[in-house]
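Single-structure report; data block below.
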2 protein chains.
Amino acid sequence: MRISELSRRSGVPVATIKYYLREDLLPKGEAVSTTQADYSEAHLHRLRLVRALVEVAEVPLARIRAVLAALDDPGLDLHTVLGTAIFAMSPAPEDRPGDPDWDRAADQTAELLAELAWRITPGSPARAQLTQALAAMQALGRPATPEMLRGYAAAAHQAARLDVACIDPEAPREEALLYAVSLSALMEQSLGALRRLAQEDVSAARFGAAAPGAQGREPGTEPR
Amino acid sequence: MRISELSRRSGVPVATIKYYLREDLLPKGEAVSTTQADYSEAHLHRLRLVRALVEVAEVPLARIRAVLAALDDPGLDLHTVLGTAIFAMSPAPEDRPGDPDWDRAADQTAELLAELAWRITPGSPARAQLTQALAAMQALGRPATPEMLRGYAAAAHQAARLDVACIDPEAPREEALLYAVSLSALMEQSLGALRRLAQEDVSAARFGAAAPGAQGREPGTEPR
DNA sequence: CTCTGTTGGAGAGTACTACTCTCCAAGCTG
DNA sequence: CAGCTTGGAGAGTAGTACTCTCCAACAGAG
């Protein structure tokens, strides 16, 4: 199919598709002539994936590019490639050793992970992310307690079991990986939304009374 | 304290503090003379909160402004103000009625929420977010199953119980709200990080073998 | 009372991201 | 062969979050 059909079928403007091609977010179509290239269903599929990550999961293009590059890397086993992709997906805050809040948070992280005994890669960006969040709570004067962390870890592990259960190792590798990554990112959004909904339920149970958001903004209205 | 001390104590450049003052992210100090204003501990505290939301939770300034405005709104009960703040915090994707993927996702959402019977506000942006994520999965040809959704909802509810348990209704209102909001945002980051760590553990258990990310990027290296 | 430095306030400028627009010659289509 | 589309490349734009520059009005040191 030509670029205009790719655009029509995906709903993405031609100019944007050209931009993605330039930025290596979409592989080039097979050149039929100097001014004509052929795009396949795989292109359409990848384009939809990019759009889902951009629009729904709000992943920066640079990170999407890194993830796709990891997926295209052949010759690694499923677990390794998945790990690499998830690494590339996450923001990696820089360590701030020496900062007292950071160091205390790093200890909290180490203690929690030692207790959980999860099989994880040492330098994982997720670990730095966790430390960063705990350091921020420290700085706000409300450090997380070990009991809280254990509870959140249990919830996270439950979600992760569901994530991994969705992976079909029998499916074609490319497809399985693509789904695993997109599912991980989209389920992160879903989990966040579900958590906010659940917060309302729990808060209603605890503090009771009227429905909130009565004077909240109209649906679809971005603040300012 | 003067602006320079506020800057020194918070680690935020004076220029940025001035910018936040202009942008209504920080209330003005009490004017002592034409060219001198006095900032309190409350200013320092709010500044730290803004920085935590910007740096760690990556919340856009416009949304932080909306949240702070909601918190400053007096005369509402705790549950209501909290709900309003959480509303202001979340992105609100626009509905796309008519789009088949969207409509199916909206049905899924309605079915799940009916089954869960959580006490939630009808127009909640979190609901639209959930629908959006489910619609994206639909579009990628891998719709979420009701069983999966139930599982994720259970995990989310568990996290939400921990969130709400942290709120101390006896604490000064302003303080309780500030902590609730920052905790919600920072714990979202922590939960995401924990989930990624747990994914690695579960994936290792299921697909076994070598440590992943061996050729992942160095810690602290942003892709491209 | 002068001199040095800081402050609040406002505007312009910058860096980055994610497009979006314009142009062009080559090429396919009626 | 006229008129549309296409691939490719560069320039332009909109939005976000600062960052810099300037200035007159002070404040404190000597």
Side-chain angles (χ1 to χ4, degrees), chain A residues 1-40 43 47 49-68 89 91 93 221-224, chain B residues 1-40 43-44 47 49-68 89 91-93 221-224:
Chain A
M1 91 188 79
R2 269 150 279 130
I3 203 171
S4 58
E5 192 180 344
L6 193 59
S7 166
R8 196 179 42 71
R9 287 230 269 158
S10 63
V12 179
V14 171
T16 304
I17 297 177
K18 287 182 173 187
Y19 170 68
Y20 287 170
L21 287 167
R22 278 206 291 284
E23 294 291 313
D24 287 325
L25 291 162
L26 206 58
K28 302 206 183 301
E30 204 191 336
V32 163
S33 78
T34 335
T35 62
Q36 220 87 355
D38 200 57
Y39 300 93
S40 64
H43 285 93
L47 183 53
L49 172 63
V50 171
R51 290 311 297 177
L53 292 179
V54 166
E55 280 185 355
V56 183
E58 298 189 346
V59 181
L61 296 188
R63 246 176 264 159
I64 299 178
R65 188 188 300 112
V67 171
L68 294 177
M89 197 80 189
T221 312
E222 272 285 297
R224 216 299 188 118
Chain B
M1 92 186 80
R2 272 153 278 129
I3 203 173
S4 58
E5 193 181 343
L6 193 59
S7 166
R8 198 180 41 74
R9 287 230 269 158
S10 63
V12 179
V14 171
T16 305
I17 298 177
K18 286 181 174 187
Y19 170 67
Y20 286 170
L21 288 167
R22 279 206 291 283
E23 294 290 312
D24 287 325
L25 291 162
L26 206 57
K28 300 204 184 302
E30 202 193 335
V32 163
S33 77
T34 334
T35 63
Q36 220 87 356
D38 200 56
Y39 300 93
S40 65
H43 285 93
L44 180 60
L47 183 54
L49 174 63
V50 171
R51 289 311 298 177
L53 292 179
V54 166
E55 281 186 353
V56 183
E58 298 189 343
V59 181
L61 296 188
R63 245 176 263 157
I64 298 178
R65 188 188 298 114
V67 171
L68 294 177
M89 196 79 191
T221 312
E222 272 287 295
R224 226 264 222 160

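Letters A, B, ... are given to chains in the order of the sequence lines, protein chains preceding strands, and every chain is numbered from 1. Below, each value reflects all heavy atoms present in this structure, side chains not excepted, and no hydrogens, waters or symmetry copies.
With hydrogens and angles disregarded, no donor-acceptor distance shorter than 3.5 Å links the side chain of Thr16(A) to the backbone of Val12(A). A donor-acceptor pair under 3.5 Å links the side-chain atoms of Arg65(A) to the main chain of Glu23(A), judged by distance alone. Judged by distance alone, with hydrogens and angles left aside, the side-chain atoms of Ser7(A) form no donor-acceptor pair with the main-chain N or O of Ile3(A) at under 3.5 Å.
Nearer the 5' end of DNA chain D, as judged by each residue's closest nucleotide, is the contact made by Lys18(B), out of Gln36(B) and Lys18(B).
Within the 4.0 Å cut-off from OP1 or OP2 of dC20(D), not a single side-chain nitrogen or oxygen of Tyr19(B) is found. Contact between the side-chain N/O atoms of Ser33(A) and the OP1/OP2 oxygens of dC28(C) is found at a separation under 4.0 Å. When the side-chain nitrogen and oxygen atoms of Tyr39(B) are compared with OP1 and OP2 of dG8(C), one or more of them lie within a distance under 4.0 Å. Considering only side-chain N and O atoms, Thr34(B) lies nowhere under 4.0 angstrom from the phosphate OP1 or OP2 of dA24(D). Taking 4.0 angstrom as the limit, Tyr20(B) places none of its side-chain polar atoms (N or O) nearer than this to OP1 or OP2 of dA17(D). The side chain of Arg51(A) contributes an N or O atom lying less than 4.0 Å from OP1 or OP2 of dC19(C). Within the structure, a side-chain polar atom (N or O) of Ser4(B) is placed less than 4.0 Å from OP1 or OP2 of dT7(C).
With hydrogens and angles ignored, a donor-acceptor pair under 3.5 angstrom links the side chain of Arg22(B) to the base of dT19(D). Scanning atom types as modelled, no donor and acceptor separated by under 3.5 angstrom connect the side chain of Arg2(A) and the base of dG7(D).
The residue Val54(B) sits close only to the backbone: its heavy atoms come under 4.0 Å of sugar-phosphate atoms, none of a base. Among the protein residues, Ala37(A) comes within range of the sugar-phosphate backbone only, with heavy atoms under 4.0 Å from sugar or phosphate atoms but none that close to a base.
Distance CG (Leu26(A)) to P (dG8(D)): 12 Å, rounded to an integer number of Å. One atom, CD of Glu23(A), and another, C1' of dG10(D), lie 13 Å apart when rounded to the nearest Å. Between Ile64(B) atom CD1 and dT16(D) atom C1' the separation is 12 Å, expressed in whole Å. At whole-Å resolution of the value, CZ in Arg65(B) and C1' in dG15(D) are 13 Å apart. Leu47(B) places its CG atom 11 Å from the P atom of dC18(D), with the value rounded to the nearest Å. For the pair Met1(A) CE and dT5(D) P, the interatomic distance rounds to 19 Å; values are reported in whole Å. Atoms CG (Leu21(B)) and C1' (dA17(D)) sit 15 Å apart, rounded to a whole Å. As a whole-Å value, the separation of Ile17(B) CD1 from dC20(D) P is 14 Å.
Listed nucleotides: dA25(D), dA18(C), dC18(D). Nearest to the side chain of Leu61(A): dA18(C). Considering only the side chain of Pro60(B), dA17(D) comes nearest among dG8(C), dA17(D), dC20(D).
By the neighbour-count criterion of 12 heavy atoms within 6.0 Å, atom CD of Glu30(A) is sparsely surrounded, having that number or fewer from other residues, nucleotides or ligands. Environment of CZ in Arg51(B): crowded, with over 12 heavy atoms of neighbouring residues, nucleotides or ligands closer than 6.0 Å.
Contact record, His43(B) with Asp38(B): CE1-O, 4.5 Å, taken as the closest heavy-atom pair.
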